[in-house]
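Read through the structure below, which is laid out as structure tokens, and then see the notes.
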Amino acid sequence: MNILIFGPNGSGKGTQGSLVKKKYDIDHIESGAIFRKHIGGGTELGLKAKAFIEKGELVPDDITIPMVLDVLKKSSSKGWLLDGFPRSIAQAEKLWDALQKDGEKLDYVIEIKLPREIAKARIMGRRLCANDPNHPNNVGIPAIAPNGDKCRVCGGDLSARKDDLDEEAINKRHNIYYNTEDGTLAAAYFYRDKAAEAGFKYIELDGEGTIDEIKDTLISQLA
Ligand SMILES: [Zn+2]
């Protein structure tokens with residue numbers, strides 16, 4: 001079972017990806033983790049990637065694609081869920097060609113749709129509980145709004161991650177994601193247009209629902 005998942009930062013893509021991973025017992029390959037692994041391991045590709053990440057820039061394809069393909073090849077025989085890649089139309093095309101060449105078929109491509117302003121409000125609204133990072137608190141999502149300025153689950157103190165309040169960085173990431181010309185949405189649409197002919201299913205999910213609502217819709221559409 002080989003799956004691609006698309007969704008902007010703030011759409012709950014990571015959470016839904018974890019559910020899919022569990023359902024099929026496949027490897028959840030998250031592009032950030034690929035970078036961290038290579039950078040942590042001090043590989044040549046990792047060192048090159050690091051310089052770009054530190055500037056907040058996209059890592060060039062000639063560094064990223066070999067890393068991704070390497071990890072896909074070493075993944076579980078049950079398959080993989082690729083999350084956070086491809087991010088551009090160029091990467092989408094190169095990945096497609098590489099998969100065709102390797103005889104790897106895609107089963108599903110999932111797109112979580114969420115308006116840009118809502119995605120941004122959700123990122124900036126995240127609050128972290130001092131007692132348990134898994135306690136959900138978000139001032140931008142009514143269903144999990146904190147209790148005043150305390151954790152809605154345990155009453156613990158809340159804080160915001162510095163990255164989550166960095167509006168410029170969020171805008172930069174969203175500029176890439178929401179670009180329908182040659183950015184990440186263009187990559188998603190590249191696969192959407194291939195789906196019928198190539199025999200995989202393209203699943204569009206409404207990201208404005210709660211995590212459980214999105215999960216239920218997703219599960220109902222997967223075999
Ligand atoms: Zn808590």
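Counting starts at 1 for both ligands and their atoms, in listed order. Values below: all heavy atoms of this structure, side chains included; hydrogens, waters and symmetry mates excluded.
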Near the Zn ion (ligand 1) (under 2.8 Å) - protein N, O or S atoms: Cys129 SG, His135 ND1, Cys151 SG, Cys154 SG
Side chains of Asn171 and Lys120: donor-acceptor distance under 3.5 Å anywhere?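 Yes.
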Minimum heavy-atom separation for [X] to [Y], with atom names?
X: Gly10; Y: Leu114; result: O-CD2, 3.6 Å
X: Cys129; Y: Asn137; result: CB-ND2, 4.3 Å
X: Leu45; Y: Ile63; result: O-CG2, 3.6 Å

Can you give me every donor-acceptor pair (side chain of residues 184-196, partner residue at least two apart or in another chain, under 3.5 Å) with its distance?
residue: Thr184; atom: OG1; partner: Arg87; partner atom: O; Å: 2.7
residue: Tyr191; atom: OH; partner: Ala92; partner atom: O; Å: 2.8
residue: Tyr191; atom: OH; partner: Trp96; partner atom: N; Å: 3.4

For residues Tyr177 and Ile170: do they belong to one hydrophobic cluster (side chain heavy atoms under 4.5 Å, members Ile, Leu, Val, Met, Phe, Trp, Tyr)? no
